[in-house]
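Nothing fancy with the numbering, it's 1 onward along the sequence.
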Amino acid sequence: MSNETKQVKYELLLDGLDCANCAMKIENGVSKLQGVTSATVNFATCKLILTAEDETKEEVITEAKRKIKQLDSHIKVSVIGERTPQKEGRKDQHDHDHHGHHHSHGEADGHEGHRHDHSSAQMRKVAVRLGAGTILAVLAAMLPIGGWAEVSLFVLAYLLIGGDVLWQAVRNIARGQVFDEFFLMSIATLGAFAIREYPEAVAVMLFYQIGEMFQSLAVNRSRRSIQSLMNIRPDYANVETDQGTHKISPEQVEIGNTIVVKPGERVPLDGVVISGTSMLDTSALTGESLPREAEPGSEMLSGFVNLNGVLKIRVTKTYGESTVSKILDLVQNASNKKAPTETFINKFARVYTPIVVIVALLLAVIPPLVISGAEFSDWLYRALIFLVISCPCALVVSIPLGFFGGIGAASKAGVLVKGGNYLEALSQVKTVVFDKTGTLTEGVFEVAGIYPSRQFLASAGSEEEAKQRLLEYTAYTELHSHHPIAASIRKAYQEVLQEERVTDYEELSGYGIRARVDEHIIFAGNTKLMKQQEVAYEEAAAYGTVIHVAVDGTYAGHLVISDRIKADAARALDDLRSLSIHKTVMLTGDVRSVAESVAKELGVDEVHAELLPQHKVEQMERITASKGAKDKVMFVGDGINDTPVLAQADVGVAMGGLGSDAAIEAADIVIMTDEPSKIATAIRIAKRTRTIVWQNIIFALGVKAVFLILGAFGIATMWEAVFSDVGVTVLAVLNAMRILGYKEPASAVK
């Protein structure tokens with residue numbers, strides 16, 4: 001190797017990383033360390049990948065661990081593996097990389113399992129702690145005890161439920177982060193203690209903790225989805241050598257090698273077919289349910305599944321460059337690029353807390369200096385009253401409750417929302433991006449139209465008879481074909497096929513089928529077949545896959561096979577337009593003509609067709625870059641190929657009935673009924689929830705303002721202030737419950 005400094009890449013597992021904000025801080029902190037050339041934290045997989053100079057190896061790891069501990073003390077750091085990003089020594093490199101990779105994978109998986117146990121065990125601990133605290137608080141409130149006994153029970157309950165929040169607030173203040181939700185919660189609850197409102201202090205903390213618990217549950221679920229995606233990873237490649245074929249790991253295959261893919265196997269690397277013909281299931285990558293044909297010269301992408309023939313493929317890209325490996329990277333990185341949708345209370349705390357604290361300080365300090373004869377202790381007491389009255393208990397309770405109400409209303413309507421923050425983001429959606437197959441269409445192929453030629457019509461008598469006869473001839477011609485299109489034609493014919501009527505049958509690869517049915521020679525296939533047989537055919541009017549049919553050398557007509565548009569897709573788009581959505585876009589892996597005709601029928605504003613997952617991500621990045629600062633982009637999809645985009649969109653929506661598990665897990669919102677019109681329902685509920693939450697905020701702050709002014713002039717006592725706060729809390733909670741009674745507006749019901 002040369003004398004230049006060698007770069008080494010490390011993977012560190014951050015066990016216990018559960019907030020996206022902390023991930024960002026760790027990334028920034030570690031990348032500033034000496035000797036580190038780059039550091040990226042992948043929040044979804046809890047990994048920190050850092051590149052450093054080889055000389056500084058040991059120190060860098062130690063420093064990084066120290067920095068992470070300092071930023072977030074409950075994260076356990078372990079080194080998974082190291083890799084040398086070098087181009088030289090290619091072959092050994094691959095070997096090393098391969099072993100290193102697998103070893104690291106094994107370890108990662110081990111940790112993965114351990115982490116989920118760890119996180120569910122942690123959840124149980126938190127639940128037990130909250131339960132115990134609640135019981136103590138109830139006892140303290142119910143038992144006929146007074147004085148110190150009662151206070152100590154409440155203090156104990158409070159520490160059990162919210163001790164960690166207090167501790168976090170203290171640690172954050174020590175690090176110079178003062179105004180966050182931890183500080184707000186601490187001031188609010190300690191203030192309530194100061195004025196002897198113990199039950200309220202405990203209750204506010206309890207609500208806050210329950211909200212946090214739901215949030216971390218959602219984070220863990222979405223993490224598991226990314227693990228489940230790994231099953232599109234091919235395990236081996238059959239490489240052909242002079243000594244026969246050998247199974248080796250895809251990472252060891254080199255460009256130019258020939259690999260053999262047998263029926264039922266997944267294509268492990270990108271390449272070009274040298275020999276063999278077969279049908280391919282491309283749904284994992286393109287989301288299209290109609291299999292593609294492969295013949296010599298066809299491009300192959302890793303992740304396709306070979307259905308029936310044996311294919312020999314010349315490899316054109318190494319494993320690291322191949323499509324599957326790119327998708328796995330995309331999914332893992334898409335969730336990094338996505339700014340976490342903040343919780344409402346967090347945004348609120350950031351503005352509200354500093355204002356209140358500063359005003360209280362001024363209230364304690366300025367009057368004694370300005371007003372003659374004003375006692376400092378007197379104003380200090382007023383400032384304390386001010387702080388307590390300004391404690392946003394009503395808000396802290398009613399904001400999360402409002403969002404929980406919204407989530408409940410949505411789930412009654414068949415929409416599963418994975419967190420209050422997504423419900424809030426929903427109300428700001430201005431661009432909706434759809435996948436086509438399985439989202440706007442059914443993903444099922446059927447005969448959409450039978451179009452007999454004029455000549456065939458004339459010979460048949462009635463149009464109905466001509467259609468039936470054309471379908472019958474085509475079904476018999478396709479009798480022995482395994483192609484899904486053939487199956488859909490046979491299904492449309494409905495009657496029992498008598499094999500003896502077909503005497504001569506030949507599949508013409510890449511063209512169609514020639515068969516003899518009842519002494520008629522029939523050709524059924526694509527336009528290439530008609531040209532080859534010199535039959536004058538008519539262009540098809542409808543969209544979809546067209547099967548042209550010629551009987552005894554004369555054109556008889558054509559069948560159109562297409563994917564059915566979902567019954568409520570058109571209504572879904574109308575509803576979205578009525579909700580002032582600025583733009584609808586469709587991204588699909590399907591052919592352009594089909595995509596454009598679906599878009600035209602539904603009135604979609606913009607279409608991009610023939611896209612692979614990485615192109616969908618690129619289009620999504622372009623759409624996201626062009627939106628307004630406050631606007632959110634929603635993506636609706638259903639397949640593995642949509643997972644990277646779902647993870648990247650501000651709001652990812654998956655179809656829950658037919659969707660792949662990976663898509664359902666990566667999404668923020670799941671539509672359980674598979675009806676696209678539910679998207680509008682979810683947005684309506686979100687907007688209504690937001691309205692109610694704002695009503696609560698304005699109402700609570702209005703009442704507070706009145707009492708703060710009275711308190712500052714010494715008119716209102718602590719008791720009146722607290723009573724007003726409890727009253728506001730009760731009213732705000734009742735208002736929040738209104739969301740649960742949500743009914744669809746009459747216009748939206750069929």
Side-chain angles (χ1 to χ4, degrees), residues 20 42-45 215 217-229 287 327-328 330-342 407 410-411 414-440 572 576 581 583-588 611 613-614 616-624 627 631-672 674-676 678-683 685-686:
N42 184 338
F43 177 57
T45 52
Q215 197 182 324
L217 270 174
V219 166
N220 285 332
R221 292 265 323 262
S222 64
R223 286 227 174 108
R224 284 206 273 280
S225 75
I226 289 173
Q227 299 323 109
S228 75
L229 240 197
I327 289 187
L328 297 178
L330 280 174
V331 175
Q332 295 187 353
N333 295 325
S335 41
N336 275 2
K337 292 204 185 94
K338 172 179 178 174
T341 329
E342 273 185 304
I407 291 173
S411 74
V415 180
L416 172 74
V417 181
K418 294 186 184 177
N421 44 348
Y422 302 124
L423 198 64
E424 206 222 331
L426 252 185
S427 63
Q428 301 166 317
V429 167
K430 288 285 178 271
T431 308
V432 181
V433 184
F434 292 96
D435 165 53
K436 179 182 79 69
T437 311
T439 304
L440 292 174
L576 288 175
I581 296 289
K583 189 159 86 170
T584 50
V585 186
M586 186 166 87
L587 305 179
T588 174
L611 304 173
Q614 58 266 41
K616 282 191 179 177
V617 171
E618 283 161 18
Q619 287 293 349
M620 196 66 186
E621 280 172 355
R622 186 186 58 74
I623 294 166
T624 312
K627 64 168 185 165
D631 301 345
K632 301 265 188 262
V633 177
M634 172 201 277
F635 177 79
V636 191
D638 73 317
I640 287 187
N641 61 309
D642 300 321
T643 315
V645 202
L646 279 169
Q648 182 196 19
D650 295 322
V651 183
V653 181
M655 291 290 162
L658 291 169
S660 74
D661 293 351
I664 291 170
E665 290 286 0
D668 308 316
I669 294 169
V670 181
I671 293 177
M672 304 313 289
D674 275 346
E675 296 169 290
K678 292 287 187 198
I679 299 166
T681 306
I683 294 179
I685 292 175

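In this structure, Lys632 NZ and Asp650 CG are separated by 5.5 Å, a value rounded to the nearest 0.5 Å. The structure places CE of Met655 at 9.0 Å from CD of Glu675, a figure rounded to the nearest 0.5 Å. A distance of 6.0 Å separates CG in Asp642 from OG1 in Thr439, rounded to the nearest 0.5 Å. Interatomic distance, Asp638 CG to Asp674 CG, rounded to the nearest 0.5 Å: 8.0 Å. The CG atom of Leu440 sits 9.5 Å away from atom OG1 of Thr584, with the distance rounded to the nearest 0.5 Å.
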Report the C-alpha distance between Met672 and Val670 in whole Å, list the side-chain angles of each, state the deciding distance to 0.1 Å, and finish with yes or no for side-chain contact (heavy atoms from CB on, under 4.5 Å). CA-CA 6 Å; Met672 304 313 289; Val670 181; 3.6 Å; yes
Using the rule given for side-chain contact (heavy atoms from CB on, under 4.5 Å), can you reason through Val433 versus Gln619, listing the C-alpha separation, both sets of side-chain angles and the distance that settles it, and then say yes or no? CA-CA 10 Å; Val433 184; Gln619 287 293 349; over 6 Å; no
Full working for side-chain contact (heavy atoms from CB on, under 4.5 Å) between Val645 and Asp435: CA-CA 10 Å; Val645 202; Asp435 165 53; over 6 Å; no
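Of all the heavy atoms in Phe434 and Phe635, the pair that sits closest is C-CE1, 4.2 Å. Of all heavy-atom pairs between Asp668 and Val651, the closest is OD2-CA, 3.5 Å. For the residue pair Ile407 and Val417, the shortest heavy atom distance occurs at CG2-O, 3.8 Å. Among all heavy-atom pairs drawn from Ile685 and Ala410, the shortest one is CD1-CA, 3.6 Å. Ala686 and Leu426 get closest at one heavy-atom pair: CB-CB, 3.6 Å. Minimum heavy-atom separation, Val617 to Pro644: CG2-CB, 3.6 Å.
Here the rule is side chain to side chain contact (heavy atoms under 4.5 Å, CB included) with Ile671, and of Thr681, Val653, Leu416 only Val653 fits it.
Listed by chain and residue number, His582, Asp631, Lys687 satisfy the side chain to side chain contact (heavy atoms under 4.5 Å, CB included) test with Lys430 (two or more places apart in sequence, or in another chain). Judged as a side chain to side chain contact (heavy atoms under 4.5 Å, CB included), and not counting sequence neighbours, the contacts of Thr624 are Met620, Lys627. For Ser427, the side chain to side chain donor-acceptor pair (under 3.5 Å) criterion is met by no residue, not counting sequence neighbours.
Side-chain contact between Val429 and Ile679: absent, with no pair of heavy atoms (C-beta onward) separated by less than 4.5 Å.
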